[in-house]
Amino acid sequence: MSSNRTIVKSLLQKPASIKSKSQAKQLHAQIIKSKGVHSGLMDSIISMYSNLNLLQDSLLVFNSFPSPSIVAWKSIIKCYTSNGLFLQSLLSFVDMRASGKYPDHNIFPSVLKSCASLINLKVGESVHGCIIRLGLDFDLYTGNALMNMYCKLQNLGEVGAPRSHAALSYKIPESMCSKSINGTCYEFNKQNVGVDSMGILAPTGNEFPQRIETQKTPFLESVRKVFDGMPKRDLVSWNTVIAGLAQNGIHREALMMIKKMADAGLKPDSFSLSSILPIFAEYVDVSKGKEIHGYAIRHGLDTDVFIGSSLIDMYAKCTRVDNSHRVFFLLPQRDAISWNSIIAGCVQNGLFDEGLKLFRQMLMANIKPRHVTFSSIMPACAHLTTLHMGKQLHGYIIRSLFDDNVFIASSLVDMYAKCGNIRIARWIFDKMESPDMVSWTAMIMGYALHGCAHDSLSLFQQMEMENVKPNYVAFVAVLTACSHAGLIDKALILFNSMKQDYGITPGLEHYAAIADLLGRAGRLEEAYEFISSMHIEPTGSVWATLLGACRVHKKVELAENVATKIFELDPENMGSYVLMSNIYAASGRWSDAAKLRITMKGKGMKKKPACSWIEVKNKLHAFMAGDKSHPYYDRINEAMKVLLEQMEREGYVPNTDDVLHDVEEEQKRYILCSHSERLAIGFGIISTPPGTTIRVTKNLRVCVDCHIATKFISKIVGREIIVRDVSRFHHFKDGKCSCGDYW
DNA sequence: ATAGGGTTAG
């Protein structure tokens, strides 16, 4: 059959030309029918099946060999590897060696990939030995695969890979964002050398890599040796090394390699770019990131999904979410990772609603969410305290079998805690097999937000006992807990331990917690000294905690001193003007109070309207302070009025201190009643039967008297009112508030 | 044979 012969001939020449399973099967059948089967043909058939990743068919052919040829072994090993059966792949390799066959250069890439995937250094190194003995270490593909294996081993941190800098926190001023990598080690230069280089020029050094700390990166050292020994290097060689360096925090060398590959006459491609873009994301360096973007556009690479998601992420980490959106919508096709990048970008920049919207769009576009999707979107639910949404996602997570993922579990702990459900948060935490530092911190912070300082502290202690090292954030959490409970001594011990035992430099949050505690305890001078001796410039808000304490303890002179500092540091801090003016008023210095009020008016300062919201029957109801537009506004106010009267009959005195002093008594009551928290609570009361748990899902602000109000309401109406975040509450002891007011 | 996205923060 002549047609048969042509097909067989073409198969023999190009086994990869067969594109589909049915085509392959037809051909296989024809060959069997023609009865011209010989071993060379069988080699071609197994290659064909192996190239199509058809493991069962490959095995069927393979097992029919009495003594498989090199090609057959290669095919079956490759097929095992590409089907993720790494162990079988290595076992086959061992069988092949036992059968006395000498592997050729085609076999090693698959074998090495299996070693890398199994994170098995021992086998990997002995395979490397085998490669050297066979003199195949000069083979391009084998060398590339070797480098890839060592990169992966280093990456998985067998010896504690340095995952250098944590990403800078978001939402910081643009001017503070740019950070050079090791000073002046790279810069952009228009007269750059190389093949249309993107301008990354390393000023010094010709050796690769210039200097790697071999102690910390033994595997990268092996990569270097392989790379240096290669007689010929292609794009893949360079890209492998660049990715390995970039992923292991050796940013400087990674960028230098980009330049060197251009010098070697190779153009950085989409692989190179998507490896180095995360560096600029980490260093929050949008101008360098844009440079890469420009290069990508000039080379028609900007529509690549990989570059697209790196760009989305880079712009988002540089707080340029609008650019992320632009890149996202310009992508011709979007995969799960592109969606994850834009969703995470929104959430990380505080655009929670936008993140949720995109998440829904992702589902509608029939893109299956991956584990990363959930850990990216969950913080949106946590911040919006939308328990309903969070629970739905939790259900989705369980159905997707993702609930054992640390990232997801930690975000769930945080979400439930922030939504007021501390017990479920704890339940999830307890179910975690190996909680990491972030999981512990989420739980510790959860207890802190719920005012359970002792649970918080004992958990912190437990974490230390389990040798989980607390970081900056963990100390913020535990100090917050101390601050709520007035545990000043404990806080000071922790503060010192943070510096001495863990080498963590205290930041604003830590200082603020201590200053707040000292202030509450009435140790005002000490607080003043403490803030003055901070090694970083205190912000207005740190001083403001002290100003609050001054008001409580009626220290007008100190308050004046502090207020001056605040007005200097943060002239727009409206709260402090009000506070200071109230302090003057409370001590009878009316003219000083009036002066400040005039200053405020002159500055045209307006307080951002407060907003609170509450979830009732799976619906979210938001209230702005003083906003009367809600359809139930009158009913809410009526309910609150009845309650306030009842509360007053039971001995409750509304604290009107913080309300501006020149308003009428009636109006004061009105203002109190139109506090957004009150509206939210009131709405909860009128729309639920007694005995319902009401969750107030927004911080209760400053002193006012919301805490007392909530207490009374829960007592009177018989509802359990759960308030999220008691950090602004005053602490009560023996009927006395820590602010010094009696109730 | 090479690449991209994730959790905690007064």
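The sequence lines fix the lettering, A, B, ..., with proteins before strands; numbering per chain opens at 1.
In this structure, the nucleotide among B:dA1, B:dA3, B:dG6 sitting nearest to the side chain of A:Ser274 is B:dA3. With B:dG6, B:dA9, B:dA1 as the choices, the nucleotide that has an atom nearest any side-chain atom of A:Ala344 turns out to be B:dG6. Residue A:Asn144 has its side chain nearest to B:dA1 when only B:dA1, B:dT8, B:dG6 are considered. Out of B:dA9, B:dT2, B:dG4, the shortest distance to the side chain of A:Ser309 is found at B:dG4. For A:Asn148, the listed nucleotide lying nearest its side chain is B:dA3; candidates were B:dG4, B:dA9, B:dA3. Candidate nucleotides B:dA1, B:dA9, B:dG4 were compared by shortest atom distance to the side chain of A:Ile337, and B:dG4 ranks first. With B:dA1, B:dG6, B:dT7 as the choices, the nucleotide that has an atom nearest any side-chain atom of A:Val438 turns out to be B:dT7.
Using a 4.0 Å heavy-atom distance criterion, A:Ser310 is classed as a sugar-phosphate-only contact. Residue contacts for A:Asp335: at a heavy-atom cut-off of 4.0 Å it reaches a base atom on one of the strands shown. Within the nucleic acid shown, A:Ser338 comes within 4.0 Å of at least one base atom, counting heavy atoms only. If you check every strand for non-hydrogen atoms under 4.0 Å, A:Ser270 touches a base. A:Ser341 comes within 4.0 angstrom of sugar-phosphate atoms only, judged by non-hydrogen atoms across all strands, and of no base. No contact: A:Ala145 has no heavy atom under 4.0 Å from any strand. Residue contacts for A:Val305: at a heavy-atom cut-off of 4.0 Å it reaches a base atom on one of the strands shown.
A:Ser50 and A:Ser75 share no side-chain donor-acceptor pair at under 3.5 Å. For the residue pair A:Ser338 / A:Asp335, a side-chain donor-acceptor distance below 3.5 Å is found, with atom types taken as modelled.
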Pairs of donor and acceptor atoms involving the side chains of residues 269-281 of chain A, under 3.5 Å and at least two apart or interchain, shall be tabulated with distances.
unit_1, atom_1, unit_2, atom_2, d
A:Asp269, OD1, A:Asn239, ND2, 3.0
A:Asp269, OD1, A:Phe271, N, 3.1
A:Asp269, OD1, A:Ser272, N, 3.1
A:Asp269, OD1, A:Ser272, OG, 2.8
A:Ser272, OG, A:Asn239, OD1, 2.7
A:Ser272, OG, A:Asp269, N, 2.9
A:Ser272, OG, A:Asp269, O, 3.4
A:Ser274, OG, A:Ser270, O, 2.7
A:Ser274, OG, A:Phe271, O, 3.4
A:Ser275, OG, A:Phe271, O, 3.0

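Evaluation of atom-type donor-acceptor distances gives a pair under 3.5 Å for the side chain of A:Ser410 against the base of B:dT7. In this model, no side-chain donor or acceptor of A:Ser376 finds a partner on the base of B:dG6 within 3.5 Å. Between the side chain of A:Asn405 and the base of B:dG6, a donor-acceptor pair under 3.5 Å is found.
Ring geometry for A:Tyr150 against A:Phe219 counts as parallel: the plane angle stays under 30°, on a 0 to 90° scale with 60° as the upper cut. Between A:His383 and A:Phe352, the ring-plane angle classifies as parallel under the 30° and 60° cut-offs.
In this entry the distance linking CE of A:Met149 with P of B:dA1 reads 15 Å, nearest Å. Protein atom CD1 of A:Ile531 is 18 Å distant from nucleotide atom P of B:dG10, rounded to whole Å. Here the P atom of nucleotide B:dT8 and the CD1 atom of A:Ile408 are 13 Å apart, to the nearest Å. Rounding to whole angstrom units, CE of residue A:Met432 and P of B:dT7 are separated by 14 Å. The CZ atom of A:Phe407 sits 6 Å away from the C1' atom of B:dG6 (whole-angstrom rounding). To the nearest angstrom, P of B:dA3 lies 9 Å from CG of A:Asn239. A straight line from CG of A:Asn471 to P of B:dT7 spans 14 Å, rounded to a whole angstrom. Distance A:Leu311 CG to B:dA3 C1': 13 Å, rounded to the nearest Å.
Of the side-chain N and O atoms in A:Lys317, none sit less than 4.0 angstrom from OP1 or OP2 of B:dG4. Distances shown here put every side-chain N or O of A:Lys152 at or beyond 4.0 Å from the OP1 or OP2 atom of B:dA1.
The local environment of CD in A:Glu433 is sparse, with at most 12 non-hydrogen atoms from other residues, nucleotides or ligands closer than 6.0 Å.
Taking A:Phe475 as the reference, A:Phe460, A:Tyr502 meet the ring pair (Phe, Tyr, Trp, His ring centres under 6.0 Å) condition, with sequence neighbours excluded.
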